[in-house]
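Indexing begins at 1, ligand by ligand and atom by atom, following the structure's order. Owing to the predicted nature of the structure, the values given are computational and were not obtained by experimental measurement.
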Amino acid sequence: MTALPLVFDAPRRGLPPRHIADMSAEERRAAVAELGEKPFRANQLSHHYFARLTADPALMTDIPAASRDRLADGLLPPLLSVVRHLSCDDDSTRKTLWRAHDGTLLESVLMRYPDRVTLCVSSQAGCGMACPFCATGQGGLQRNLSTAEIVDQVRAAAAAMRDGELGEPGRLSNIVFMGMGEPLANYRRVVDAVHRICDPAPGGLGISQRSVTVSTVGLAPAIRKLADERLQVRLAVSLHTPDDELRDTLVPVNTRWSVDDVLEAARYYADTSGRRVSIEYALIRDVNDQPWRADLLAKRLRQHLAQLVHVNVIPLNPTPGSKWDAAPKPVEREFVRRVNAGGVACTVRDTRGQEIAAACGQLAAEG
Ligand code: SAH
């Protein structure tokens, strides 16, 4: 396998024109006024988009036609269209392939559980972090997504749940930034998207910050910056091994910010937010599944995070052309047992969407 370069700066091409979901309530009022419309039209637009969950100007019939056209042209550019939906797990999991205005493809995955409904969103088209076991990482970075392109994945999923497209009508309750891309490499747009997703309706989609998880490869300075935003979102760190030697190859950005750097930043996040940090650990046969690594993982996590941590073990989903496979179940059980015995809470994450290439790390947006 040839190593890909790390890419932090996305190409500037392709971002869509501004959309109301890019803006704060104040910015929306200013933008409406700029178009020569009364400020209260901003509230009408917000109500349609964030409360009624519609992005189609034709349905906004309480706005006079002339105003509606002006507002639509200026503030509601088409963002994402469905290329296809794929369902599995008895229709409780649905992957959507989206096409953006410039032809860029991206994916999101909606998962229905007995007690919650979770959407896995993309923050970039592709990813520049080059993790060798991840399908998105192996495809490279196409571009950042705009705030509105992130928010619109959520709006569409909330509408789908309300309309009973995944069985009985329900409510979208949780968001995980675990789709395509490295959220902290598209920092400002992701933080703005969190505000739009969590602001109370009709100013935003009204999902609790505590039900949002931002997952990162471990960009330590950006983790600290996120902590200073004083949000209530959960942080997940994709650690995958406790030692720098192996992590330099599994998560190449480790050559910039080591395991210690990342765990110190995670501790700062836990201290400022008061929330436990999740550690993601994709278990790979004969690569990172040894008993000694489980012991070392527990030791280092206890040192850095004490009780403010929980480990999610994810059975590796082999990606096309990869030489790696998931650890055998007995090895996985022993790994989890040792981490728990070492004083750190550890469980296995169930992985949905296997047959539709929608499981962790499989998103590759094949048109
Ligand atoms: N870039 C962010 C978020 C996207 S990936 C991050 O890395 O955290 C979401 C999670 O899926 C990460 O923990 C990632 O390491 C994991 N993952 C990627 N490829 C995987 C695979 N093939 N099998 C299992 N987990 C995988």
Side-chain angles (χ1 to χ4, degrees), residues 1 4 6-8 10 95 106-109 111 118-141 144-145 150 153 174-187 190 193 212-220 222-223 226 233-241 246-247 249-254 256-257 262 265-266 269 277-285 287-289 297 310-327 332 335 348-354 357-365:
M1 199 170 298
L4 287 167
L6 280 167
V7 180
F8 290 93
K95 177 171 85 166
L106 58 126
E107 297 181 324
S108 52
V109 185
M111 292 160 282
T118 301
L119 181 72
C120 181
V121 293
S122 294
S123 56
Q124 299 180 307
C127 187
M129 296 297 110
C131 301
F133 56 90
C134 174
T136 313
Q138 285 307 290
L141 178 62
N144 281 323
L145 298 187
I150 298 168
Q153 296 169 58
N174 293 65
I175 306 298
V176 295
F177 281 84
M178 295 185 181
M180 308 175 83
E182 167 50 38
L184 298 187
N186 188 15
Y187 183 87
V190 165
V212 174
T213 300
V214 173
S215 180
T216 177
V217 286
L219 309 184
I223 291 174
L226 186 68
V233 300
R234 183 183 292 285
L235 177 73
V237 174
S238 300
L239 198 65
H240 302 318
T241 187
L246 177 58
R247 196 167 191 268
T249 64
L250 287 183
V251 185
V253 80
N254 195 68
R256 290 250 189 135
W257 296 288
V262 173
Y269 192 90
V277 170
S278 295
I279 298 293
E280 309 296 303
Y281 201 108
L283 207 58
I284 314 174
R285 181 203 293 259
V287 173
N288 64 354
D289 63 350
L297 176 68
H310 181 276
V311 176
N312 281 313
V313 165
I314 315 167
L316 182 87
N317 285 306
T319 59
S322 160
K323 56 185 184 226
W324 288 324
D325 203 353
E332 179 186 283
F335 192 92
V348 178
R349 153 100 55 82
D350 106 298
T351 58
R352 292 277 190 97
Q354 226 108 29
C360 306
Q362 289 183 316
L363 300 185

J.: For atom 6 (C) of ligand 1, state which one of P132, S278, S322, S238 supplies the nearest heavy atom.
T.: S238
J.: Please confirm whether the backbone N or O of E107 pairs with a side-chain atom of K95, one donor and one acceptor, at under 3.5 Å?
T.: no
J.: For the backbone of S122 and the side chain of Q153, can you confirm whether one donor and one acceptor N or O come within less than 3.5 Å of each other?
T.: yes
J.: Counting from 1, what ligand 1 atoms have a heavy atom of F177 closer than 4.0 Å?
T.: 3 (C)
J.: Nearest protein heavy-atom contact for atom 19 (N) of ligand 1: which residue, which atom, what distance?
T.: G361 CA, 3.0 Å
J.: Could you tell me whether some N/O pair between P315 and ligand 1 is separated by less than 3.5 angstrom?
T.: no
J.: Hey, does G181 come in under 3.5 Å of ligand 1, counting only N/O atoms on both sides?
T.: yes
J.: Using a 4.0 Å cut-off to any heavy atom of C134, which atoms of ligand 1 qualify?
T.: 18 (C), 19 (N)
J.: Below 4.0 angstrom from a heavy atom of N317, which ligand 1 atoms are there? Numbered from 1 as shown, please.
T.: 21 (C), 22 (N), 23 (N), 24 (C)
J.: Checking the side chain of R247 only, and the main-chain atoms of H240 only, is there a donor and an acceptor separated by less than 3.5 Å?
T.: no
J.: Give the numbers and elements of all ligand 1 atoms closer than 4.0 Å to a heavy atom of V217.
T.: 6 (C), 7 (O), 8 (O)
J.: Please work out whether any backbone atom (N, CA, C, O) or any side-chain heavy atom from C-beta onward of T351 is under 4.0 Å from ligand 1, and answer side chain, backbone, both or neither.
T.: neither
J.: Do N288 side-chain atoms and A282 backbone N/O form a donor-acceptor pair below 3.5 Å?
T.: yes
J.: Under 4.0 Å from a heavy atom of E280: which atoms of ligand 1 are those, numbered in the order shown and with their elements?
T.: 13 (O)
J.: To the nearest 0.1 Å, how far is atom 25 (N) of ligand 1 from its closest protein heavy atom, and which atom is that?
T.: C360 CB, 3.5 Å
J.: Roughly how far apart are M178 CE and T136 OG1, rounded to 0.5 Å?
T.: 13.5 Å
J.: For the CG atom of L250 and the SG atom of C134, what is their distance to the nearest 0.5 Å?
T.: 12.0 Å
J.: For atom 14 (C) of ligand 1, which of M178, H240, Q124, E182 has the closest heavy atom?
T.: H240
J.: Looking only at non-hydrogen atoms, which of A185, G179, S215 approaches atom 4 (C) of ligand 1 most closely?
T.: G179
J.: Do the ring planes of W324 and F133 sit parallel (below 30°), tilted (30 to 60°) or perpendicular (above 60°)?
T.: tilted
J.: State whether the side chain of D289 and the backbone N or O of F335 hold a donor-acceptor pair below 3.5 Å, judged by distance alone.
T.: no
J.: Is it the case that the side chain of Q138 and the backbone of C131 share a donor-acceptor pair, with hydrogens and angles ignored and the cut-off at 3.5 Å?
T.: yes
